[in-house]
Amino acid sequence: MAEPKANERMEKIVSLCKRRGFVFQSSEIYGGINGFWDYGPLGAELKRNVKDYWWRSMTQKREDVVGLEATIIMHPKIWQASGHTSTFSDPMVDCLLTKKRFRADQIDPQSGDIHSYTGAHDTVAGKSSSETYSVLIPTGKHPEYARKVARQFYAARGVPAPELLGETIETVKETVRYNPDNGSLLTEPRPFNLMFKTFVGPVESEDNVAYLRPETAQAIFAQFKNVLDVARQKLPFGICQIGKAFRNEINPRNFTFRSREFEQMELEFFIKPDDAAAKSSLTGGPGTEPNWGWEQWHKYWVEQRVQWYESIGLSRDVLDFHWQKKEELAHYAKATVDILYKFPFGTQELEGIAARGNYDLTQHQTFSGKSMEYFDEETKTRFVPHVIEPSAGVDRLVLALICNAYTEEEITDEKGVKETRVVMKLHPRVAPVKVGIFPLLKNKPELVKKAQEVRDLLRAEMPVFYDDAGAIGRRYRRQDEAGTPFGVTIDFDTLGEKPELKDTVTLRDRDTMQQSRIAIGDLLPFLLSKIR
RNA sequence: GCGAGCGUAGCUCAGUCUGGUAGAGCAUCACCUUGCCAAGGUGAACGUCGAGGGUUCGAAUCCCUUCGCUCGCUCCA
């Protein structure tokens, strides 16, 4: 449960995101658009750092994963094969009395007597309604049951003491048009297309309907054979992709957490089926066992991913893990682990790591008629590879990093005055700006000149922010809110006022506010070691 | 999609009940001041009060519609 305090915290975070330029509402000048968000200067850097680091962790630091960048719009058959066309367009119906919503295909067929009315009026109040309405009751049940429900319906439409008009009774079998709970008529089924639809080519005809992808994963399966042919990889190996996905969420919520346009980082790690793996003696990728089955690979990837989160500042104690129970699993999944973050608005999923068997490749083999089989030279067997899928939401992760970094500290200065310091304790790896550079005083040209030299030295290698406005303490605090992990101040000692300190600067640590003296020549190696 | 609440300067909010042509604090910019942890001085800029329509001599304020945000329900592949 989100307590009021948690809600307050979230509001402060949203406010800081706007004030400092992490996140803006999309199309704000036109009143905004529900479920879409933009990243401002700091947010864009932060998100890019997250994606770059993930990409490097997958493709650069491993031998056994290669990248892919596929289009957002693909052949519509892909979504038939994946099952999205059917499961993403459930018709929904609402109860006309209670407004409760049902999936139309989940209503049990019922039989009984339908009592229909052409309207109702209340002569005393002088109100009437000509809306038609009907109620289903089991055959033989007293008609008053139906009339009671109908009176409630008309009462809710402004007829205080309704006298029912034009009652007719009809016996029906196997209807799904009535609410099983109270017999009330439901609305007409309305399609809920959770995939964004568009048309390829200038003519809007049913023949050229296409969809904006609701996930990036299917492109990996669809291109599996091509990648296999060119990448000189043997099982086990993975294909990863970062890209936009689109879902027409019924109800976007919780800031950027559930957006209609969002970005995913997905890996499909292909492995041998257990029986083929058991016969194997060749080693796979670095640090891997030759004959691991899907359970071991699944656990391996869960651990890999948790370590990755730790390396950007999300420790195990702010994460949560949910091993899905048998009955929660999608029918094709053998196991799924959700990695969750404890957001102020509740503990919510960042990443799902699913063991999907060979379901997806088999589906595409069936729908495309093209073989998805892999020939294992060692065991001389042919099979459709199985897959482990770590699938993470970039925007959710960025939001988690922002929430996790947001810190308010009570500071007591030397005069004993208390104040609050707001600091974004982002890990240096993902922080948008790595170092702030400040001349102690801006009206001393020699300080400014030296500070600009330091700025030019560093900005070739990392994002820096140069600031000479106002008091030095104020500049430090401004960078605290931006999450800049280090501050460098150029003072008169840098210029050689005390000869032994010539060409040294003050290095200030964001989290501890500790200051130390460091030679300008040592700055770059020091900073690079912290941000890589 | 339903219900409730909210929407006024970059941010936090007052003003709305009792219509009379928009305010505070912080932030921003310039100059002065500045000797390492923000809120000294002087000056400046900043809102068609979410949008549209209506009532009225006159609307931030009353009415209707709409968009957005929050919470609950629903949904969650």
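- To the nearest whole angstrom, the two C1' atoms, one in rA44(B) and one in rG7(B), are 29 Å apart.
- Across all strands shown, rU21(B) remains unpaired; no Watson-Crick or G-U wobble contact has both distances below 3.5 Å.
- The side chain of Arg258(A) lies closest to rC75(B), out of rC75(B), rU28(B), rG35(B).
- Each of rG35(B), rU28(B), rC11(B) was ranked by its minimum atom distance to the side chain of Leu440(A); first place goes to rG35(B).
- Both the sub-6.0 Å distance and the 45° axial angle are not jointly satisfied by Arg247(A) relative to the ring of Phe196(A).
- On the P atoms, rG47(B) is 27 Å away from rC67(B), given to the nearest whole Å.
- Between the C1' atoms of rC46(B) and rC32(B), the separation comes to 23 Å (whole Å).
- For Ile472(A), the side-chain atoms get nearest to rC36(B) when compared with the rest of rU28(B), rC36(B), rG35(B).
- The pairing partner recorded for rA14(B) is none, the criterion being a Watson-Crick or G-U wobble arrangement whose two distances lie under 3.5 angstrom.
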Might you work through the salt bridge (Lys or Arg N to Asp or Glu O under 4.0 Å) test for Arg19(A) and Glu481(A), ending with a clear yes or no?
CA-CA 10 Å; Arg19(A) 182 157 39 90; Glu481(A) 281 202 342; 2.8 Å; yes

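- Atom pair His322(A):NE2 and rC76(B):P shows a separation of 15 Å (rounding to whole Å applied).
- The side chain of Glu497(A) has rG35(B) as its nearest neighbour among rC37(B), rG35(B), rC76(B).
- Closest approach to the Tyr476(A) side chain among rC69(B), rU12(B), rC37(B) is made by rC37(B) (side chain taken as heavy atoms from C-beta onward).
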Taking distance alone, no hydrogens or angles, what donor-acceptor pairs closer than 3.5 Å link side-chain atoms of residues 39-47 of chain A to residues at least two apart or in another chain?
from: Tyr39(A); atom 1: OH; to: Asp395(A); atom 2: OD2; distance (Å): 2.7
from: Lys47(A); atom 1: NZ; to: Glu263(A); atom 2: OE1; distance (Å): 2.9
from: Lys47(A); atom 1: NZ; to: Asp395(A); atom 2: OD2; distance (Å): 3.0

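- Residue Gly40(A) is classed as having no contact, given no heavy-atom separation below 4.0 Å to the nucleic acid.
- Across all strands, Phe492(A) comes closer than 4.0 Å to base atoms (heavy-atom distances).
- When the P atom of rU12(B) is taken as reference, atom CZ of Arg19(A) falls 8 Å away, rounded to whole Å.
- When each of rC11(B), rC36(B), rC76(B) is scored by its nearest atom to the side-chain atoms of Asp491(A), the top-ranked nucleotide is rC36(B).
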Could you walk me through whether Lys502(A) and Asp493(A) satisfy the salt bridge (Lys or Arg N to Asp or Glu O under 4.0 Å) test, starting with their C-alpha distance in whole Å, then the side-chain angles of each, then the deciding distance to 0.1 Å, before giving a yes or no?
CA-CA 6 Å; Lys502(A) 185 167 167 39; Asp493(A) 288 335; over 6 Å; no

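- Across all strands shown, the partner of rU42(B) is rA30(B), judged by Watson-Crick or G-U wobble contacts whose two distances both fall under 3.5 Å.
- Neither OP1 nor OP2 of rU34(B) sits under 4.0 Å from any side-chain N or O of Arg474(A).
- Among the heavy atoms of the strands lying under 4.0 Å from Thr489(A) is at least one base atom, whether or not backbone atoms are also near.
- Using a 4.0 Å cut-off, some side-chain N or O of Asn254(A) falls inside it from OP1 or OP2 of rC71(B).
- The NZ atom of Lys12(A) sits 18 Å away from the P atom of rC26(B) (whole-angstrom rounding).
- The side chain of Phe345(A) sits closest to rC71(B) out of rC11(B), rU28(B), rC71(B).
- Taking Arg455(A) as the reference, nothing meets the side-chain hydrogen bond (donor to acceptor under 3.5 Å, both in side chains) condition, with sequence neighbours excluded.
- Annotation: proximity of residues 511-518 of chain A to RNA chain B (heavy atom, distance under 4.0 Å) is found for Met513(A), Gln515(A), numbered in ascending order.
- A close approach under 4.0 Å does not occur between any side-chain nitrogen or oxygen of Lys18(A) and OP1 or OP2 of rG10(B).
- For the pair Met195(A) CE and rC76(B) P, the computed distance is 16 Å after rounding to whole Å.
- Judged by distance alone with a 3.5 Å cut-off, a donor-acceptor contact links the side chain of Thr506(A) to the base of rC36(B).
- Residue Lys498(A) contributes atom NZ, which lies 12 Å from atom C1' of rC36(B) at whole-angstrom precision.
- Classified by interplanar angle (parallel below 30°, tilted 30° to 60°, perpendicular above 60°), the ring pair Phe257(A)/Phe345(A) is perpendicular.
- Aromatic pair Tyr476(A)/Phe438(A): ring centres closer than 6.0 Å.
- Taking side-chain N and O atoms only, Asn443(A) has a distance below 4.0 Å to OP1 or OP2 of rU33(B).
- Toward the 5' end of RNA chain B, the nearer of the two residues Ser15(A) and Leu441(A), judged by each one's closest nucleotide, is Ser15(A).
- With P as the reference atom, rU8(B) and rC13(B) are 9 Å apart, rounded to whole Å.
- Look at CZ on Phe438(A): it is 17 Å from P on rG35(B), rounded to the nearest Å.
- Ring pair Tyr341(A)/Phe343(A) is perpendicular by interplanar angle, where above 60° counts as perpendicular and below 30° as parallel.
- Pairing for rG58(B) is absent, judged as Watson-Crick or G-U wobble with the two contacts each under 3.5 Å.
- Distance, Lys444(A) NZ to rU34(B) P: 7 Å, rounded to whole Å.
- Pairing partner, rC75(B): none, since no Watson-Crick or wobble contact has both distances short of 3.5 Å.
- Only the P atoms considered, rA51(B) is 10 Å distant from rA9(B), to the nearest whole Å.
- Spacing between rU48(B) and rG53(B) at atom P, rounded to whole Å, works out to 16 Å.
- Formation of a donor-acceptor pair under 3.5 Å by the His298(A) side chain with backbone atoms of Ile353(A) is found in this model.
- Using a 4.0 Å heavy-atom distance criterion, Glu215(A) is classed as making no nucleic acid contact.
- Here Arg508(A) lies in heavy-atom contact (under 4.0 Å) with a base.
- Spacing between atom CD of Gln348(A) and atom C1' of rC75(B) amounts to 13 Å, rounded to whole angstrom units.
- Annotation: cation-pi geometry satisfied between Arg305(A) and Tyr309(A) (NZ/CZ under 6.0 angstrom from ring centroid, within 45° of ring axis).
- Close to rC31(B), at under 4.0 Å from its OP1 or OP2, lies a side-chain N or O of Lys442(A).
- Taking atom C1' on both nucleotides, rC17(B) is separated from rU61(B) by 9 Å, rounded to a whole Å.
- Pairing for rC6(B) is with rG68(B), a Watson-Crick or G-U wobble pair whose two hydrogen-bonding atom distances lie under 3.5 Å.
- Distance check on atom C1': rG54(B) versus rA59(B) gives 11 Å, rounded to whole Å.
- Between Asn34(A) and the phosphate of rC67(B), there is no side-chain N or O to OP1/OP2 separation shorter than 4.0 Å.
- Using a 4.0 Å cut-off, no side-chain N or O of Arg20(A) falls inside it from OP1 or OP2 of rU28(B).
- Between the OH atom of Tyr211(A) and the OG1 atom of Thr85(A) there is a distance of 5.5 Å, given to the nearest 0.5 Å.
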